[in-house]
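Below is one structure; the comments refer to it alone.
Below, chains carry the letters A, B, ... as their sequence lines are ordered, and counting in each starts from 1.
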Amino acid sequence: MTPYTFDHNAYAASLQEAYQHLENGEESGAQVNVAGRVMLLRTQGKLAFATMRDSTGEIQLFALAQVTKDFDAFAKVHLGDWVGISGEVVRTKRGELSIKVANWVLLAEAQHNFGDKWAGIADHDLRYRHREADLWANPESRLALSRRSAMLRAVRERCWAAGFMEVETPILNPIATGATARPFLTHHNALDSEFFLRIAPELWLKRLVVGGYERVFEIGRVFRNEGVSPRHNPEFTILELYAAYWNVRDMMAFTEELVAGVALDVLGTTETTYQGRAFSFAAPWPRRPMAELASEAVGEDVSVHTSRERLAALVSERGVQVHESWGPGRLLAELFEATCEESLWNPTFVTDYPVEVSPLARRHQSDNDLTERFESYAATRELSNGFSELIDPVDQRSRFEEQARLAAAGDDETMAIDEDFIKALEWGLPPTAGLGVGMDRLAMLIADVGNIREVIAFPTLKPLRD
RNA sequence: GCGCCGGUAGCUCAAUUGGCAGAGCAUUUGACUCUUAAUCAACAGGUUCCGGGUUCAAGUCCCGGCCGGCGCACCA
């Protein structure tokens, strides 16, 4: 029977730090209790050396037949077993800081091993299905998830510091809206009703601003019933944030300070590398109108006012199938995506999105066919999306109706109308700017991993069958 | 969803033109009083992902399925 508690009072990392001064062969006289897993074991007759790892690091256990209680049993612990150790902090003759084991107890057995002690666990399927083993076998897995956690903490602290209140909004929704994505459908038995898992919290959060909370944010899971890839998990975590009295420029300034600040909090620097290539989070980020970037890429002036025919030809030339329902705005956005995304490495704000692809964004003050919207791109991928919010309920209704027309024309990427949201706007949304940031994508940048699954503890996998 | 690649001992990986399925580590047993992926010796360990087919003979070739990696599509 293993014990129910262990009187643990020291950690590997702090001991390594505190006893740096111990000379080879010196004994400190200090008695400590440590606990962790035995990762390596080297027995040598009447001596045994074990490498024990706890949540902070590693320290060697040094057992001697003359000193250690139940020495023979200690020399037979299995790799992966949890042990609790009492003993003196010493440094061995060969210079390894160690706990000279006086008393010890087996806290839990490991009935499976933790992979090859040199190569760890390489099989992705095993790593993701049994992350608990992966975390011990592969230190880089532990580091990636630790950085994600540190990132979320930094995001919250910076939002709180800027006066934002954290809120929570429904995941079960009668309609899936606030973004264009295919939803998951579920059923509530007692209400005998169908619900969609949310694809975005956006409309709920704006209703809270209508309700008088001037600065709100939510960090929450959203669910999109779409393909899985190294950059897409069916459920992912998004930061959405709304600030009354701000416009799109205020929000861009906040976004770059938030992201650069979080990198600084987690990594201690904004200058890093991503997948082997230098990458800088440092603000300010360039602001580049979408039409300007697209014009540079195609070598001629294009904008949302370019003829539909010309834009369609340019898009089509680049291998994109043009749909009949697409107007100049959608075509410009498609052209931008086809020609510019690949070149956007360091964070860049792409601004002035067409109203046609921005059903929730307020119109640009100097061009009725554009909106006060930006997306930031980093390492060739979209990182954030923000805009001055559309506050006019009449315009909002017509935008939703346009979406419905597109849907009727066969476009399956449209936004569903939300009557309750329009009614909320009728109560009055003050001028407001909003922001969405993919937390998994940001975590990938901060942890320097190329696959989104590395920053999700338990990524979505196909259940094993057969 | 489509294409390409992969799945061999608990883990990491070999296996020639189709010809007896192997190694290291882990496990088990033994030796060893300063090891560091300790070392040395020995034992044991297999539905070669699953199901069919071709063949005297299949880990290897063919068909179907399962799971994964990458790319495309979709998207953030």
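Nucleic acid contact class of A:G120 (heavy atoms, under 4.0 Å, all strands): sugar-phosphate only. A:K46 comes within 4.0 angstrom of a base, heavy atoms only. Nucleic acid contact class of A:A181 (heavy atoms, under 4.0 Å, all strands): none. Counting any heavy atom pair closer than 4.0 Å across all strands shown, A:G438 reaches no nucleic acid atom. Among the atoms of the strands shown, none is found under 4.0 Å from any heavy atom of A:N385. Residue-level contact check: A:F62 touches the bases, meaning some heavy atom is under 4.0 Å from a base atom. Across all strands, A:L64 comes closer than 4.0 Å to no nucleic acid atom at all (heavy-atom distances). Among the atoms of the strands shown, base atoms are found under 4.0 Å from some heavy atom of A:Q44. Residue contacts shown for A:G115 are limited to sugar-phosphate atoms, with no base heavy atom under 4.0 Å away. A:R127 comes within 4.0 angstrom of nothing in the nucleic acid, heavy atoms only. A:N138 comes within contact range of no nucleotide atom at all, as no heavy-atom separation falls under 4.0 Å. Within the 4.0 angstrom heavy-atom criterion, base atoms lie near A:T43. Residue contacts for A:K462: at a heavy-atom cut-off of 4.0 Å it reaches the sugar-phosphate backbone alone, with no base atom in range.
Within the shown strands, B:rC50 is the pairing partner of B:rG64 under the Watson-Crick or G-U definition, both distances less than 3.5 Å. Base pairing of B:rA44: no nucleotide in any strand meets the Watson-Crick or G-U wobble criterion (both distances under 3.5 Å). Here B:rU36 sits opposite no nucleotide as a Watson-Crick or G-U wobble pair (both hydrogen-bonding atom distances under 3.5 Å). B:rG1 is paired with B:rC72 under the criterion used here, namely a Watson-Crick or G-U wobble arrangement in which both key atom distances are under 3.5 Å. Base-pair partner of B:rA23: B:rU12 (Watson-Crick or G-U wobble, both distances under 3.5 Å).
Atom CZ in A:F114 sits about 12 Å away from atom C1' in B:rC11, given to the nearest Å. Rounded to whole Å, the distance from NE2 on A:H130 to P on B:rG10 is 14 Å. In this structure, A:R129 places its CZ atom 17 Å from P of B:rG7, rounding to the nearest Å. Rounded to an integer number of Å, the gap from A:E337 CD to B:rA76 P is 9 Å. For A:N225 and B:rA73, the CG to P distance is 19 Å, given to the nearest whole Å. A straight line from CG of A:L442 to P of B:rA76 spans 17 Å, rounded to a whole angstrom. Between the CD1 atom of A:I452 and the P atom of B:rC70 there is a distance of 12 Å, rounded to whole Å. At whole-Å resolution of the value, CD1 in A:I121 and C1' in B:rG7 are 16 Å apart.
With B:rA76, B:rC32, B:rU12 as the candidates, the nucleotide lying closest to the side chain of A:T180 is B:rA76. Side-chain atoms of A:N113 lie closest to B:rA26 of the nucleotides B:rA26, B:rU12, B:rC34. Among the nucleotides B:rA37, B:rG68, B:rA26, the one closest to any side-chain atom of A:L79 is B:rA26. In the set B:rC34, B:rA76, B:rC25, the nucleotide with an atom closest to the side chain of A:R224 is B:rA76. Side-chain atoms of A:H78 lie closest to B:rU27 of the nucleotides B:rA76, B:rC11, B:rU27.
Straight-line distance between the P atoms of B:rA38 and B:rG19: roughly 37 Å, to the nearest whole Å. The P atoms of B:rG64 and B:rU8 are separated by 22 Å, rounded to the nearest whole Å. The separation of B:rU48 from B:rA21, taken at their C1' atoms, amounts to 8 Å, rounded to a whole angstrom. Taking atom C1' in both B:rU55 and B:rC63, one finds a spacing of 16 Å when rounded to whole Å. Straight-line distance between the P atoms of B:rA31 and B:rA15: roughly 38 Å, to the nearest whole Å. Taking the P atoms as reference points, B:rA58 lies 44 Å from B:rA37, given to the whole Å. Nucleotides B:rU33 and B:rA26 have their C1' atoms positioned 25 Å apart, rounded to a whole Å. Rounded to whole Å, the separation between the C1' atoms of B:rU16 and B:rG22 comes to 14 Å.
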Chi angles and distances behind the side chain to side chain contact (heavy atoms under 4.5 Å, CB included) call for A:V304, A:V355: CA-CA 9 Å; A:V304 76; A:V355 67; over 6 Å; no

Residue pair A:F74, A:L61: steps toward the side chain to side chain contact (heavy atoms under 4.5 Å, CB included) verdict: CA-CA 10 Å; A:F74 183 87; A:L61 308 177; 4.1 Å; yes

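A:N138 and A:A119 make their closest contact through OD1-O, 4.2 Å (heavy atoms, listed as atom of the first residue, atom of the second, distance).
A sub-4.0 Å separation between OP1 or OP2 of B:rA37 and a side-chain N or O of A:K117 is absent. Remark: A:N451 is in phosphate contact with B:rC70, judged by side-chain N or O atoms under 4.0 Å from OP1 or OP2.
The main-chain N or O of A:H323 is never found under 3.5 Å from a side-chain atom of A:S325 such that the two would form a donor-acceptor pair. Although no hydrogens or angles enter the test, the distance criterion places a donor-acceptor pair under 3.5 Å between the side chain of A:R91 and the main chain of A:L22.
With respect to A:R221 and A:E235, a salt bridge is recorded, a charged nitrogen being found less than 4.0 Å from a carboxylate O. Looking at A:E454 and A:R127, a side-chain N of the basic residue comes within less than 4.0 Å of a carboxylate O on the acidic one, giving a salt bridge. For A:R287 and A:E256, the salt-bridge test passes: some basic side-chain N is under 4.0 Å from an acidic carboxylate O.
Place A:R453 and A:S229 on RNA chain B by their nearest nucleotides, and A:R453 ends up nearer the 5' end.
Between the side chain of A:D125 and the base of B:rG69, no donor-acceptor pair of N or O atoms lies under 3.5 Å.
Side-chain contact between A:Q396 and A:F421 is present, with heavy atoms from C-beta onward closer than 4.5 Å.
Stacking of A:F236 onto the six-membered ring of B:rA76 is present: less than 5.5 angstrom between centres, less than 30° between planes.
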